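Report on the following structure.
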Amino acid sequence: MTLGASMFFASVGLAISPVHYPPSSTKINDLEFALSGSGAPGVYSSSYTPESQYGVYNWCNMPHVRPKEYRTPPRNYSLEYVEVIQRHHKRTPYASNTFNQEDIDWFCTGSGPTFGATSSKGEGTNGSPVQWQGFVDSNNPWTTTVPPGFKNSDCQFPQITDQGLEDAILHGKDLRGVYAPLLDLPLHIDSDIAAIRVTTNVITSQVASGLAKGLFPASLSENVPVKIQSANFDSLEPKYSCNRASTIRSDITTGSQGDLWKNHLNKAASIFEKLDKVSGFPKDDTGGWHVSFDHYYDNLSAKQCHQKRLPCNLHDSSVCVSQEDANTVYRLGNWEYSYLYRDAQASAEYAALRYGAWVLELRGHLQAKMDGNSKLKYLHNVAHDGSISSLLGFLQIDQMVWPGMGSEVVFELYSSKSAHSSSWFIRVLWSGQPIKTSTPLGTLDMVPLEQFFQYIDSMVGSGNDLFAACYS
Ligand SMILES: *[C@@H]1O[C@H](CO)[C@@H](O)[C@H](O)[C@H]1NC(C)=O
Ligand SMILES: *[C@@H]1O[C@H](CO)[C@@H](O)[C@H](O)[C@H]1NC(C)=O
C-alpha cells in the first residue's frame, strides 16, 4: 500500500482536525446486545486464561507479549527499540467505587505498598522501608462521616493485591523472555539502556516493583529508578489540563452531542434499580453511581477477579447481584468505552487532545532512535485504563474494549538495512498481536515509520498545535 500525506488532512495553523474513522460494528458497540444480550464479554473470574484460549479478553489480567505467541519478524528486520505501555494490574477497588456498606470482608494484612527514603551517602544511612496498613479508630468522630465500605479493612482503596503483584512479576518475566534476547537487555536495570516510568498514582509504582523483578531479575533488593513527571503536566496518566478535551467529553455525554449516551442511561434504568437495591444508593445519588457504569463495574469486577462472591444487601441477604446482572454491567461498561473512545463522532479529536502529549513524546523517542541520538532500547510505562483507552482511541483501534488489568500496547521499532539505504518500520502490538485499526494504515504491522509519523502529525500536529488546540 502506498500512502501519501494527502490521505490525512494536514494539520496547519492553530486548530487540529483529526479524521474520525469509525470502528467496526460488533457485539461490543451494539447497545441492544449490551442491554439484553447474555454472558460476559470475556473472563472476569481469574487472572488465569487457559493456554488454549490465551489472547482472549480477560478483564482480570489481559493478554500480553510472551514467548509462546510472539511472532518474530523476518531476519531482514532488526529490532532497535521497544516502548511498552500497560495498565496496572489487579487491585482493590477505589474508595469511590465501594458501596456505602459492604457485606463481604477484604483484608490486606502484611501486603501492600512500601515507602521509604534512601540517601546518596549509601547503605548505612538509608532508612528502612515502611508498609502502610489502613485502620479506623472510632474515637475519631469524622470516621462516621464517610461511608465505611469494607468493615475494619486494613487495605488501601486502591492497592495492588497479592494476586495483582504476582501478575506484574509474570508480566515482566514474559516480556523479558521475548525482548532480552532480541535487544540484549542486561539483568540489572541500566537507565541508559532501559527505563520504567510511572504516574503519580502509587499503584503504578506497586506494579513497577513487581514488573522490575520479572524484567530485570538482578535488580531485586536494589532501588530501581523509575521516571515520573509532575502531576501538573504528566502525559502518562494523563494529568495535563486540556479544556477542549473536557468540553468534548461533556458534549458527547451530558451535552448537545450526547443523545446516544443519555439514551443508554435511560434504557439501563431498570438495571441501575436492581443494583441500587443491593448497594443502597438512592435513585438521585450524586456520587457518580448513575452517570455511567464505571463504579458498579469496578465494584463487581474487583470482587470477581479475586474470587470473592457477588454482593448482597447488608440488611437483607436475599437481595443479591446475580451473575447475569454482573454480566450486563460488564457488557454495558464495554459499550461505554467503545462509545467514548471510538464510536462518538468527536472521539478521535478527544483522544488526540487527551493523549497527544504522550504520543508526541513517543514520536520523539522513535525519531531520536532513527537519528542515532539515543542509546535507550526499552522503555516501559505503567499507566491506567484512561491512558490505554485514550491511546487506543488515538490509534483508532477497530474494535474497542474497556482495557482490563495489565492491558498492554507495545511499539516495536525496526530497521532494515540494504546495501545503500536503511529504512525504518513500526509494529504495534495490542494484547500481544499486531493491532487492527480503522485508519488507512490498517493493521500496524511493519508500517513504514514515515507513514506512522504522518498519521500522528495528522492527529495532533506539533506540540504548539496541540497546546493551542487545547485552549482554543
Ligand atoms: C524482508 O523480507 C521479506 C521476505 O522474507 C519481504 O517480504 C520484505 O519486503 C523484506 N523487507 C524489506 C524491508 O526488505
Ligand atoms: C462496592 O460498593 C459497595 C457499596 O458502596 C462498597 O461497600 C464496596 O466496598 C464496593 N466494593 C468494591 C469491590 O468496589
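The model shown is predicted, which means the values in this text are computed figures rather than measured ones. Note that ligands are numbered from 1 as they come in the structure, with each ligand's atoms numbered from 1 the same way.
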For [atom], grab the closest protein heavy atom and report residue, atom and distance to one decimal in Å.
atom: atom 5 (O) of ligand 1; answer: Pro74 CB, 3.9 Å
atom: atom 9 (O) of ligand 1; answer: Tyr77 OH, 4.3 Å
atom: atom 3 (C) of ligand 1; answer: Asn76 ND2, 3.6 Å

**Study point:** Proximal ligand 1 atoms for Ser416, defined as those under 4.0 Å from one of its heavy atoms
**Key:**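 Taking each heavy atom of Ser416 in turn, ligand 1 has 12 (C), 13 (C), 14 (O) under 4.0 Å.
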
Exercise for review: Identify, by atom number and element, the atoms of ligand 1 in contact range of Phe425, meaning under 4.0 Å from any of its heavy atoms.
Suggested key: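 That gives atoms 13 (C) of ligand 1.
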
**Study point:** Donor-acceptor pair between Gln206 and Gln156 side chains, under 3.5 angstrom
**Key:**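 Note: Gln206 and Gln156 side chains miss the donor-acceptor criterion.
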
Review point. If we ignore angles and hydrogens, is there a donor and acceptor under 3.5 Å between the side chains of Tyr455 and Gln396?
Key: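 Side chains of Tyr455 and Gln396: pair found under 3.5 Å.
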
**Study point:** Salt bridge Lys377-Asp190, side-chain N to carboxylate O under 4.0 Å
**Key:**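 So Lys377 does not pair with Asp190 through a salt bridge.
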
**Study point:** Arg197 and Glu361 ion-paired at < 4.0 Å
**Key:** yes

Exercise for review: Mark yes or no: Arg427 above the aromatic ring of Tyr414, with NZ or CZ under 6.0 Å from the six-membered ring centre and no more than 45 degrees from the axis.
Suggested key: no

Practice item. Answer yes or no for atom 12 (C) of ligand 1: protein heavy atom present at a distance under 4.0 Å? Key: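 Yes, at least one protein heavy atom sits under 4.0 Å from atom 12 (C) of ligand 1.
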
